[in-house]
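The structure under discussion appears below in the form of structure tokens.
The sequence lines fix the lettering, A, B, ..., with proteins before strands; numbering per chain opens at 1.
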Amino acid sequence: MLAPKKVKYRKLQKVQAHGNATKACTIDFGEYGLQAAEAGRISARQIESARIAITRHVKRGAKVWIRIFPHSSITKKPAETRMGKGKGTPEEWVAIVKRGTVLYEIEGVAEDVAREAMRLAAYKLPVATEFLAREIFNEDSRS
Amino acid sequence: MKRVTLHAQVRDEQGKGASRRLRSGGFVPAVFYGYKSNPRILKVNAAEFVNLLSRDKKESIFVNLLIQDKDGENKKLSVIKELQVNSLRKKLIHADFYEIDLNRELTTEIPVVLKGTPVGFEKGGELQHLKRDIRVSALPDKLPEIIEVDVSLLDVGDSIKVVDVAVPEGVKVLDHGDVALAAVALTRVSLSGGEASAEAASEGAEPAAEPEE
């Protein structure tokens with residue numbers, strides 16, 4: 001699973017992802033991608049699980065890019081603990097994702113295979129997603 | 001390069017509110033400027049513009065702008081310098097048209113299209129498209145729509161670099177020659193040989209490490 005090698009502060013304040021992504025919101029490496037349609041927190045476990053879903057479907061014959069990284073730690077207090085006595089211990093790593101962020105990119109497969117791989121990956125993620133192609137304006141865009 | 005025609009009208013209002021009203025009315029705010037022209041703010045019909053963009057890549061066309069103002073219609077030859085698109089709604093936000101002079105060199109990026117099936121495919125290689133456009137400078141009449149690169153001779157481990165690309169006479173390539181455009185590399189399936197063992201190695205869960213502070 002993805003995790004930072006070294007962090008300056010182990011425990012972070014809670015962050016809400018407001019607004020739309022202005023960076024990493026277009027396809028920059030591959031041919032097709034999966035874009036977050038809403039904001040949220042995606043854990044390292046979920047990122048890995050979705051990656052496995054993609055690589056299994058394409059039978060490991062495509063190039064896949066993961067465009068997000070779990071930089072933020074999430075703390076949890078032990079069960080049956082009274083409130084207070086300080087912040088809990090870091091339990092997992094998450095990526096804070098804004099609406100519009102491209103989560104995965106893929107290259108080297110046909111569009112239908114990429115679409116199916118991304119559909120399977122989307123089941124593993126806690127945010128609504130959309131399939132994205134490099135050419136935004138195509139035959140379907142014509143009025 | 002192919003020339004296409006697009007109608008535009010001069011707009012009076014500018015700013016966030018006015019632009020939003022334009023977009024909701026089926027127009028796209030735009031601006032026209034050039035080497036010797038004063039900037040003019042325009043609006044173009046969104047449906048007409050999207051139709052145009054769905055047929056051709058924006059880097060591969062010259063746009064004959066028919067600008068309608070109080071004095072009548074002016075014809076200006078331009079390129080689409082920048083296009084702002086809302087990546088979530090797939091709607092155009094704004095366009096920049098840059099006037100071109102046929103006697104003056106133009107620097108632009110031309111899309112690279114790969115053709116052919118590499119020899120390395122049969123040996124388990126995959127084609128990687130590493131650079132999708134090349135920055136060139138030339139007189140507008142000499143600029144090609146696309147640069148075709150034949151990859152059929154590429155074997156596993158081979159790559160085609162910018163310096164290997166043949167461009168038409170009069171076109172100067174500005175990108176560094178050592179930059180690779182496409183390469184054929186072995187896929188992980190071919191590298192590992194047995195899928196089962198590699199899959200287990202790749203997909204096995206690793207414990208989350210506690211980072212140093």
Check: Does any heavy atom of chain B fall under 4.5 Å from the side chain of A/E92, the backbone, both, or neither of them?
Finding: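 Nothing of A/E92, per the 4.5 Å heavy-atom cut-off to chain B.
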Margin query: Counting only non-hydrogen atoms closer than 4.5 Å, can you tell me which residues of residues 145-163 of chain B sit against chain A?
Written below: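 The residues closer than 4.5 Å to chain A amount to none at all.
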Which residues in [range] have any heavy atom lying under 4.5 Å from a heavy atom of chain B?
range	answer
residues 106-127 of chain A	A/E107
residues 69-85 of chain A	none
residues 30-37 of chain A	A/G30, A/E31, A/Q35, A/A36, A/A37

Margin query: Please determine whether the number of non-hydrogen atoms from other residues, nucleotides or ligands lying under 6.0 Å from atom NZ of A/K87 exceeds 12.
Written below: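 Yes, enclosed.
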Notebook entry, point to check: Should the heavy atoms of other residues, nucleotides or ligands under 6.0 Å from NZ of B/K142 be counted, would the total exceed 12?
Noted result: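 It does not: B/K142 NZ has 12 such atoms or fewer within range.
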Check: Of the listed residues (B/K57, B/E126, B/R132), which shares the most heavy-atom pairs with chain A below a 4.5 Å separation?
Finding: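 Answer, by heavy-atom pair count under 4.5 Å with chain A: B/R132.
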Check: Using a cut-off of under 4.5 Å for heavy-atom pairs, which of B/L92, B/L127, B/N86 has the most such pairs with chain A?
Finding: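 Going by pairs under 4.5 Å, I would pick B/L92.
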First locate atom [atom1] of [X], then atom [atom2] of [Y], and finally report the distance between them rounded to the nearest 0.5 Å.
X	Y	atom1	atom2	answer
A/R134	B/H129	CZ	NE2	8.5 Å
B/R89	A/N20	CZ	CG	7.5 Å
A/L132	B/K90	CG	NZ	5.0 Å

Next item on the list: Quick one: closest heavy-atom pair of A/G100 and B/S87, and the distance?
Entry: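 Nearest pair, atom of A/G100 first, then B/S87: O-OG, 4.4 Å.
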Notebook entry, point to check: Do you know the tightest heavy-atom contact between B/L88 and A/R99?
Noted result: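 Answer, listing the atom of B/L88 first, then A/R99: CD1-CG, 3.4 Å.
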